[in-house]
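Structure record follows, encoded as structure tokens.
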Amino acid sequence: MMNFLKQRFAKPSKQAYAVVTGAGSGIGRSFALELARRGGSIVCADINLAAAEETVALIEQEGATGFALRCDVGSAEQVQQLAEQAEVLLQHPVTLVINNAGVGLGGKFDELSLDDWQWCMNINLWGVIHGCHYFVPGFKKQGRGAIINVASAASYTAAPEMSAYNVTKAGVRALSETLFAELKRDNIRVNVLCPTLVPTNIIKDGRIPERYSRLANHALMNYALTTSDAVARLTLNRLDKGELYTTPQVDAKLFWIMKRASPDLYARFLGFSYRFVK
Ligand SMILES: NC(=O)c1ccc[n+]([C@@H]2O[C@H](COP(=O)([O-])OP(=O)(O)OC[C@H]3O[C@@H](n4cnc5c(N)ncnc54)[C@H](O)[C@@H]3O)[C@@H](O)[C@H]2O)c1
């Protein structure tokens, strides 16, 4: 009985056996380090193995245990292997998965190729679907578990020249909202992170049109209202409280309120403002 109650009310971010995708940089690295500070053991998965290994070295400096694995989240087979290998490396069933890996894609709708769409959908949306698909059965077996899916404020802001990115993030939010309700009775918590700008490598490494990539990167690195470390801390705290949404910045919250108050007026306002953009 005590064990059941302990499991039911345990904070999922404390002493977690965690898998973080895209852990080699930015928000993923911050999640991995914050989990280490909370006594966790972390499998750092990234398509860039050297970057994941750097994160593990930082985890070890915190006195915690980390493992680096190469994984392309767009490949179902590789995510299945990740789920299997993580349990072996951690010597414990995984208790928390953070589906964070993602890429940036910008440009007018008619500038994007179908290859651009598939690249973005495959990593940002299918990557999260794969993560949920291969980790939820293990959580159900344990009678507990937790998922953080990294969406974006783009999941509801629907800003022009971000069509594919917006679609992937809206999908991640819809999936997370569905799972929050569906998995509650299985004692599996779900949180979806929806930030605006966070200073990371996302623009530098993304497919962003040259005409504004420098400006966008400058804005990202200099005018963001938060840091990746603060975002990771806040999201883990909200997961612990059983909250579904994390909208970390004031502008993320403001857009959320505007969009829900009057979706039609909001879309008209965006269209009107965009007429003044070259
Ligand atoms: N930075 C922002 O302003 C911002 C805002 C909203 C949402 N997000 C989301 O946050 C998440 C993390 O991005 P970030 O800003 O930290 O960017 P980042 O570029 O700093 O980090 C992304 C990491 O994902 C890895 N990655 C890329 N493709 C992968 C794949 N196929 N498989 C596995 N790993 C892969 C990269 O190697 C990198 O280490 C993304 O989902 C992004 O969409 C970022």
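Just so you know, ligand 1 is whichever comes first in the structure, and atom 1 is the first atom listed for that ligand. The analysis underlying the following values was restricted to heavy atoms, covering all of them including side chains, and did not include hydrogens, waters or symmetry mates.
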Arg211 and Glu111 ion-paired at < 4.0 Å:
yes

Per-residue contact class, Cys71 against ligand 1 - non-hydrogen pairs under 4.0 Å:
backbone

Any idea which atoms of ligand 1 are less than 4.0 Å away from a heavy-atom of Gly102?
22 (C), 40 (C), 41 (O)

Any atom of ligand 1 sitting under 4.0 Å from a heavy atom of Thr196?
yes

Does the pair Val172 and Asn124 meet the rule for a side chain to side chain contact (heavy atoms under 4.5 Å, CB included), with working shown?
CA-CA 8 Å; Val172 171; Asn124 289 9; 5.7 Å; no

Could you check atom 20 (O) of ligand 1 against the protein and tell me its nearest heavy-atom contact, residue, atom and distance included?
Ser25 OG, 2.6 Å

Pairing of Asp115 and Arg207 as salt bridge, 4.0 angstrom limit
yes

Would you say Asn124 and ligand 1 have an N/O pair spaced under 3.5 Å apart?
no

Same cluster for Leu236 and Tyr17 if Ile/Leu/Val/Met/Phe/Trp/Tyr side chains link at under 4.5 Å?
no

What verdict does the side chain to side chain contact (heavy atoms under 4.5 Å, CB included) test give for Leu69 and Leu82, after you've listed the backbone C-alpha separation in whole Å, the side-chain angles of each residue and the deciding distance to 0.1 Å?
CA-CA 8 Å; Leu69 284 179; Leu82 171 67; 3.7 Å; yes

Would you sort out whether Arg233 and Asp229 count as a salt bridge (charged side-chain N to carboxylate O under 4.0 Å, His left out), showing the intermediate values?
CA-CA 6 Å; Arg233 272 196 306 274; Asp229 287 350; 5.3 Å; no

Less than 3.5 Å between some nitrogen or oxygen of Thr200 and one of ligand 1, yes or no?
yes

Please list, one pair per line, the donor and acceptor atoms closer than 3.5 Å that link side chains of residues 145-158 to other protein atoms, with sequence neighbours excluded.
| from | atom 1 | to | atom 2 | distance (Å) |
| --- | --- | --- | --- | --- |
| Asn149 | OD1 | Asn99 | ND2 | 2.9 |
| Asn149 | ND2 | Ser176 | OG | 3.1 |
| Ser152 | OG | Ala154 | N | 2.8 |
| Ser155 | OG | Ser152 | O | 2.8 |
| Ser155 | OG | Arg173 | NE | 2.9 |
| Tyr156 | OH | Ala252 | O | 2.8 |
| Thr157 | OG1 | Ala153 | O | 3.1 |

Minimum-distance protein heavy atom relative to atom 23 (C) of ligand 1:
Gly22 O, 3.7 Å

Tell me which protein heavy atom sits closest to atom 8 (N) of ligand 1, plus the residue, atom name and distance to 0.1 Å.
Tyr165 OH, 3.6 Å

Give the atom numbers and elements of ligand 1 that come within less than 4.0 Å of a heavy atom of Gly26.
16 (O), 20 (O)

Shared-cluster residues of Leu225, by chain and number - hydrophobic side chains joined below 4.5 Å:
none

Within less than 4.0 angstrom of ligand 1, does Ala151 place any heavy atom?
yes

Going by the atom numbers of ligand 1, which of them fall below 4.0 Å from some non-hydrogen atom of Leu197?
3 (O)

Quick check on Lys169 - does any of its heavy atoms sit under 4.0 Å from an atom of ligand 1?
yes

Of the backbone atoms (N, CA, C, O) and the side-chain heavy atoms from C-beta on, which set of Ile202 has a member under 4.0 Å from an atom of ligand 1: side chain, backbone, both, or neither?
both

Look at atom 39 (O) of ligand 1 and say which protein heavy atom is nearest, naming residue and atom and giving the distance to 0.1 Å.
Asp46 OD2, 2.6 Å

Less than 3.5 Å apart, any donor N or O on the side chain of Gln249 or Thr196 sitting next to an acceptor on the other?
yes

Is there a nitrogen or oxygen of Val73 sitting under 3.5 Å from a nitrogen or oxygen of ligand 1?
yes

Ignoring hydrogens, just give me the one of Asn100, Leu82, Asn48, Ile47 whose non-hydrogen atom is nearest atom 11 (C) of ligand 1.
Asn100

Ligand 1 contact by Thr21, heavy-atom criterion under 4.0 angstrom:
no

Is Leu193 reachable from Trp256 through a run of I, L, V, M, F, W or Y residues, each pair having side-chain heavy atoms under 4.5 Å apart?
no

Verify same cluster id: Leu220, Met162 (apolar side-chain graph, 4.5 Å)
yes

Would the number of heavy atoms belonging to other residues, nucleotides or ligands and lying under 6.0 Å from OH of Tyr274 be above 12?
yes

Should Val19 and Leu58 be regarded as members of a common hydrophobic cluster, given that ILVMFWY residues are connected when their side-chain heavy atoms come within less than 4.5 Å of each other, either directly or indirectly?
no

Taking only heavy atoms of Leu220, which atoms of ligand 1 are found under 4.0 Å from at least one of them?
3 (O)

Which atoms of ligand 1 are found less than 4.0 Å from any heavy atom of Ile27?
10 (O), 16 (O), 44 (C)

Numbering as shown, the atoms of ligand 1 that approach Asp72 to under 4.0 Å (heavy-atom distance):
30 (C), 31 (N), 32 (N)

Among protein heavy atoms, which sits nearest to atom 9 (C) of ligand 1, and what does the distance come to when rounded to 0.1 Å?
Val150 CG1, 3.6 Å

Under 3.5 Å between some N or O of ligand 1 and some N or O of Val198?
yes

At a 4.0 Å threshold, what atoms of ligand 1 neighbour a non-hydrogen atom of Gly24?
39 (O)

State plainly whether the residues Arg29 and Glu34 are in salt-bridge range, i.e. N to O under 4.0 Å.
no

